[in-house]
Novice: 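My questions will all concern the structure given below.
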Amino acid sequence: MQQLKGCLTAGIAVAGFLAVVTPGDMAIGREAKCLFVSSYHKGYAWSDGVERGLRSALDGRCELRQFDMDTKRLKSEAEKQQQALEAKGLIESWAPDIVITADDNAAKYLIQRYYQDAETPFVFSGVNWTVEAYGFPYRNVTGMIEVAPIEPMFERAEEVSPDIRSAFYLGADTLTEKKNLKRFQEASARRGVKLEYVLAGSMKDWMAAYQKAQAHDLIIMGSNAGINDWDRDEVRAFVGGAAKRLSVTNHYWMMPYTMVGITKVAEEHGEWAGRTALKILGGMQPGEIPIVANSRRDIWINPEVLSAADISLPRGLMRKAKRVTGFASKS
Amino acid sequence: MPQNPNDRLFRTWEVSCLVLLVGAICAALSSLAIKTDLGNAKEIFTQQAYNFEREVAHRFASADAVLTTLVELHHASDNVEEHEFAALSRELLKAYPHIQTIAKLSMLRLDERESLEESMRAGGFPQFQLTERTRAGEVVGAQERDTAMPILSLEPFTPEFAQLVGFDALSDPALAPAILRAIDSGRVMSSEVVEIPHVGRGFFAFKAIYFGYNSPSSVEARRTQVSGMVALFLDSNRFFDDSSHQFDRFAVRSIDELHYDQQNVSYLYRQDRMSSIAGPVIFDAFFLELPLFSQGRTFVLEISARPGLEVVRGWFVGIFVVLPAVAGTFLILALANHRRRQRQARKDEKKLRRNKERFRDFAEIASDWFWATDEQLRFSYLSNQLIEATGLQPKDIVGKTRKDLAKVNSNDVGWLQHLTDLAARRPFRDFRYEFISPDGESLWLSISGKPVFSDDDEFLGYRGTGTNITAEFKAQAELRKAKEEAEIASRSKSTFLANMSHELRTPLNAIIGFSDLMKRGVSGKIENPRHQEYVDDIYGAGEHLLAIINEILDLAKVEAGNSPLGEDEIDTCEIVQSVSSLLAERAHESQVRLVIEQLSDLPLLWADARKLKQILLNLLSNALKFTPPGGTVTVGVSCDVARGYIFHVKDTGIGIAPSDIPKALAAFQQIDSELNRKYEGTGLGLPLAKAFVEQHGGTLSLKSAIGEGTSAIVVFPPERIVKASDLKDVDESARSA
């Protein structure tokens, strides 16, 4: 009798609990699951910056897992597709509430290929310049485009060297760099500056191109990401001896080898993606949030390289810019 | 048991009135206390409300300052870059947390629209277009207008605000008036309330940016020189946040002074925590409506708070409740006590009255009279029985002392003792004195009395009773007189007997003497045997008569008091041995065994040795006489400190009936004439022994039954036992002498 009474009480309690806690409530009650799919690998400065920003926004608000596609180092198409399939497998097995991606390859190989107008919401970040190639926006996709501050960079360069007629673009032989190069070519054309370029596949090619660039008024340092044999110290030593012309970059990780940098802030992408993910988890539809561009930037100078090239900067720029001395030693 | 209503201390209406009175006083005082606390609470509320109003005004001023700063930055700088504007905005937002978002709007002419849209799309906003809001609230592409004022940047740039990039604020009826007034006035103007999806409810504050370093001075110039706007979105929940005060109800409504619509008052903010306050509504809510003029509008702060019991100081109100309650309780208790005392007093009075009545009844019924004196021993009260008992009138006595009234004999021990008792304030009982009545009659009175003292032990007088004992006194006197006469007669009889015995013994001695001579033939032998027999009879009769006369003489002497005791310390063993020896021959002749019990360690006896011998001789003679041959007579002595010196003589003789024992002990009493004839004797032995014993303060008793023998027990009192210590003292005194 006593046992029967106990069972009855427990049954009533469970029924009451189920009546109060609806399935919707249960979904709200548990911690949301967020999957971060990075196009590159850990240790890659840009990706690390995005991840930092993302984690600062999501910390404590959702269970975050990360999948690195490592497509900077895995260059073949098959490998990239395989990585995308693995990410898809993780999405299907873990069933995250939202997926956040960083950079183009995740957008290209994962979102565009498998999740166009799907139920799972996606927030991309770091997609270079335009989403036209991927057909965004989808109903379930929004995010932040990575726009390099090209115009401000040209303006700062003209403050140092007012009469720039020719420029040299030096980057890695990657898809991203090709897209960046295109933007620089358009900007140079608008300014009447002749732009030559080299997209190097190795450090040696890169150094040879740098040597060649010294013949131009301005050297634009693209990203070295994708040059697998890159030796930072060797390149720094080389640049210290070879630098004679003003060099500028939009990538802060290139500052050890560059004189002036107008850089994007990787964390901005992560923070935006994180905040957007939270809004979507809170009830907003991805379609309600327009695709936006990054806006935060920073200005850097590298006194060592400037000194090696014997180039002096205007006082206003010197007063405003951050020094990379400490940065260089850390990198 | 139902209580008698008359026994209640209070009637129901009295209790009701008292309780109501105390309750009313408590209620009135506690109301006063509560009102005081409410007044304090309202003052605190008012102060807080005004403080909060100043705080809100400060927030408005902060918003104005932020807008002015940003606008003036544009005016002062030739080219404010977007990231510089954003950086400053972020810092300002950190400094003024009540401001949610800073937006920058640009004046856009129709011909510039397309290039702006293309530029924005190329710059990373692929979905950028100029938008506007329909009446239904849907955001759609903006219609072509001559001028537009789109939002181009926001700080902080958040996903929920991203939808506002490109929004033409000038097209929005809720925003346009404020924008136009801001352009015209050059001052900060706030909009009506707007609801931004996923952001919330709030309002915009606008300030126009003009071309040139200085703001244009005329309206016309302002309209033509305006280049854009800096706007703040002020989220109502954040801007009017009253969490630092937590008013129970707080609302803000804004009134457009130019377009005031009393029917459609829009509330910017409403916070109602009333419903979350537990407990019943006890006090009316405090309410204040504070207008605040800022940004071209009137913001009315409606602040109210519902005071709960917490505003009332419990101890303060408690004092005003407890004090009258305690006072009322004491009042009721005092009244109850007073009434209880009154009731007790009535009971006591009734009891006293009954006691008085009882006393009066007793006094009226009693033959004795009651009297009382004052502290001077003068009579102050006398009951009427005095008249009946003595014939005296109380008026003749009141005010006089007993000494004044009585015939006092200064040598009378009774009077002296009585006067001593009076002086010592001691009670006295049965003091008898002679009183001569006014008509000369001698009355004997007996009085008893006790002193009366006050609570302070002050002597107040005597009170007591008196009784007339004249009759009793006379009867006693007559009785005493009769006794004395009887005693005189008895003594005369004894004297007569003694004298007569003496006179009888003289001739009797001659008869015995001559008959003895004749019997022994001193004067010649009597030849005739018959004559010889006659002489023997004469001699025997003479001896018998002499013994009778001697015993009568002894008894008479004792009764006449002419036989004093010759007391001395005597050895009782010796006395017993001596007496036994005297009777040994007689016992032998009678064939009766005479036994003396063990005599040892007996103390001396303080007694008359001759009379003790006579006592024992009489007892043993009697025993031998009434014991038939073959019987036994036992004599013994014992000593008991508690009981005394005891002699007993026991025989195995014929015995006597217990009823005859008193006769045996009385003089001249005959128990049985036949016995008397059989056993010759005077019959005075036992009475004489008894008289001797009693002369020593002792007792003689007989225990006997017919055929079982007789025991005679003589007991001398313990004080006649000579103790060893007495002997020692005597010896020592003898030695010292």
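Reminder, nothing fancy here: chain letters follow the sequence lines and each chain counts from 1. Just so it is clear, the values below take in all heavy atoms, side chains as well, and ignore hydrogens, waters and symmetry mates.
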Novice: Quick check on B/H198 against chain A: is it the side chain, the backbone, both or neither that has a heavy atom closer than 4.5 Å?
Specialist: both
Novice: Which word best sums up how the rings of B/F239 and B/H98 line up, parallel for under 30°, tilted for 30 to 60°, or perpendicular for over 60°?
Specialist: perpendicular
Novice: Which region of B/F128, side chain (C-beta onward) or backbone (N, CA, C, O), has a non-hydrogen atom less than 4.5 Å from a non-hydrogen atom of chain A, or is it both or neither?
Specialist: neither
Novice: Give a yes or no on whether the ring-centroid distance for B/Y210 and B/H74 is below 6.0 angstrom.
Specialist: no
Novice: For the candidates A/M284, A/E132, A/E271, which exhibits the highest count of non-hydrogen atom pairs separated by less than 4.5 Å from chain B?
Specialist: A/M284
Novice: For the interface with chain A, which of B/Q163, B/M120, B/E160, B/R121 has the highest count of heavy-atom pairs at distances below 4.5 Å?
Specialist: B/E160
Novice: Under a 4.5 Å heavy-atom cutoff, which of B/A122, B/S153, B/G123, B/P197 has the most pairs with chain A?
Specialist: B/G123
Novice: Counting only non-hydrogen atoms closer than 4.5 Å, does B/A86 touch chain A with its backbone (N, CA, C, O), its side chain (CB onward), both, or neither?
Specialist: neither
Novice: Does B/L110 form a side-chain contact (heavy atoms from CB on, under 4.5 Å) with B/R145? I'd like the steps, not just the answer.
Specialist: CA-CA 6 Å; B/L110 183 59; B/R145 293 190 181 85; 5.9 Å; no
Novice: Side chains of A/E177 and A/Y169 only: does a donor on one sit below 3.5 Å from an acceptor on the other?
Specialist: yes
Novice: Do other residues, nucleotides or ligands put more than 12 heavy atoms under 6.0 Å from the CD atom of B/E195?
Specialist: yes
Novice: Given heavy-atom pairs under 4.5 angstrom as the criterion, report whether the side chain, backbone, both or neither of A/V292 touches chain B.
Specialist: both
Novice: Of the backbone (N, CA, C, O) and the side chain (C-beta and beyond), which part of B/E82 lies under 4.5 Å from a heavy atom of chain A, both, or neither?
Specialist: neither
Novice: Mind telling me whether B/F250 and B/F247 have parallel, tilted or perpendicular rings, with 30° and 60° as the class edges?
Specialist: tilted
Novice: Check the side chains of B/D64 and B/Q295 for a donor-acceptor pair under 3.5 angstrom, ignoring hydrogens and angles.
Specialist: yes
Novice: Does any heavy atom of chain B fall under 4.5 Å from the side chain of A/R297, the backbone, both, or neither of them?
Specialist: side chain
Novice: If I measure from the heavy atoms of chain B, does A/P290 come under 4.5 Å with its side chain, its backbone, both, or neither?
Specialist: both
Novice: Would you mind checking which part of B/E84 comes under 4.5 Å of any heavy atom in chain A, side chain (CB onward), backbone (N, CA, C, O), both or neither?
Specialist: side chain
Novice: With a 4.5 angstrom heavy-atom cut-off, which part of A/E288 approaches chain B: side chain, backbone, both or neither?
Specialist: both
Novice: Mind ranking A/I291, A/I289, A/T276, A/V147 by heavy-atom pairs under 4.5 Å with chain B and telling me who comes out on top?
Specialist: A/I291
Novice: Can we call the ring centroids of A/H251 and A/W46 under 6.0 Å apart?
Specialist: no
Novice: Output, in order, the C-alpha distance, side-chain angles, deciding distance and verdict of ring pair (Phe, Tyr, Trp, His ring centres under 6.0 Å) for A/F122 and A/F124.
Specialist: CA-CA 6 Å; A/F122 279 78; A/F124 66 82; over 10 Å; no
Novice: Given that the side chain runs from C-beta out, which part of A/E268 has a heavy atom under 4.5 Å from chain B: side chain, backbone, both or neither?
Specialist: neither
